[in-house]
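Everything numeric in this text was worked out from a predicted model, so none of it was measured.
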Amino acid sequence: MAFTARHNITSALITDLIQAGDNAGNIKSILLTNVHASTSVGVDLILHNNNQDFHIIKTVDIPAGSSLEVETKQIKINTSKGQDTLRIKCSKANGVDVIINN
């Protein structure tokens with residue numbers, strides 16, 4: 001599967017941003033933007049590896065119309081085959097845009 005740097009999250013379910021095997025390279029930062037006009041959105045950013053979840057952020061509220069940049073330079077995310085999958089879970093559907101900087 002090919003690496004995609006931009007995502008519109010349309011579900012409140014866990015969504016894969018980068019799957020193992022996408023070979024996304026070194027992820028420097030992840031920009032999460034709440035696109036709701038008046039409602040905050042809770043966000044979990046999850047590193048999934050070997051059937052285990054490791055939270056990078058957990059239940060962080062992003063106010064309406066605001067952004068949160070998560071710097072990941074110090075976190076090794078290995079998206080080669082059989083390694084890490086980067087996931088997001090939002091408290092509301094259609095509320096967050098994601099831009100991944102590699």
Heavy-atom distance under 4.5 Å between the side chains of L86 and I30, does that happen here?
yes

Starting from the C-alpha separation in whole Å, work towards a yes-or-no answer on side-chain contact (heavy atoms from CB on, under 4.5 Å) for F3 and I18.
CA-CA 7 Å; F3 166 65; I18 305 172; 3.7 Å; yes

What is the distance from atom CG of D22 to atom CG of L17, rounded to the nearest 0.5 Å?
10.5 Å

Taking side chain to side chain donor-acceptor pair (under 3.5 Å) as the definition, give me every residue that meets it alongside S91, ordered by chain and number, with sequence neighbours left out.
none

Can you get from I46 to L13 by hopping between Ile, Leu, Val, Met, Phe, Trp and Tyr side chains that sit under 4.5 Å apart?
no

What residues form a side chain to side chain donor-acceptor pair (under 3.5 Å) with N49, not counting sequence neighbours?
D84

As an exercise, state the distance from NE2 of H7 to CD1 of I9, rounded to the nearest 0.5 Å.
6.5 Å

Same cluster (ILVMFWY, side-chain, under 4.5 Å), I14 and F54:
no

T33 OG1 to I62 CD1 distance, which is reported to the nearest 0.5 Å:
7.5 Å

Do you know which two heavy atoms are closest between A93 and H36, and how far apart they sit?
O-NE2, 3.5 Å

Minimal heavy-atom distance between V98 and I100, with the atoms involved, is CG1-CG1, 4.0 Å

Heavy-atom pair of closest approach, residues P63 and S40:
CA-CB, 4.0 Å

Would you say N102 and N26 are linked by a side-chain donor-acceptor pair, where the criterion is simply a distance under 3.5 Å?
no

Hydrophobic cluster partners of L31 (side-chain heavy atoms under 4.5 Å)
I99

Give, for atom NZ of K76 and atom CG of L47, the distance between the pair rounded to the nearest 0.5 Å.
11.0 Å

Which heavy atom in T39 sits nearest to a heavy atom in A64, and how many Å separate them?
N-CB, 3.4 Å

Quick check: does any side chain N or O of D44 sit under 3.5 Å from a backbone N or O of T59, one acting as donor and the other as acceptor?
yes

Within this structure, what is the CG-CD distance for the pair N50 and Q83, rounded to the nearest 0.5 Å?
9.0 Å

So L68 and I57, do their side chains get closer than 4.5 Å, heavy atoms only?
yes

Restricting to non-hydrogen atoms, name the atom on D53 and the atom on H48 that form the minimum distance, rounded to 0.1 Å.
OD1-ND1, 2.6 Å

Side chains of V43 and I88: does their closest heavy-atom pair fall under 4.5 Å?
yes

Which heavy atom of A24 sits nearest a heavy atom of T79, and at what distance?
N-OG1, 2.7 Å

Return the CZ to NE2 distance between R87 and H55, rounded to the nearest 0.5 Å.
11.0 Å

Would you kindly say whether S29 and E69 are connected by a side-chain donor-acceptor distance under 3.5 Å?
yes

Tell me, with the steps shown, if N34 and D61 meet side-chain contact (heavy atoms from CB on, under 4.5 Å).
CA-CA 9 Å; N34 180 346; D61 280 329; over 6 Å; no

May I ask whether V35 and V96 are part of the same hydrophobic cluster, defined by side-chain heavy atoms of I, L, V, M, F, W, Y residues being less than 4.5 angstrom apart, directly or through others?
no

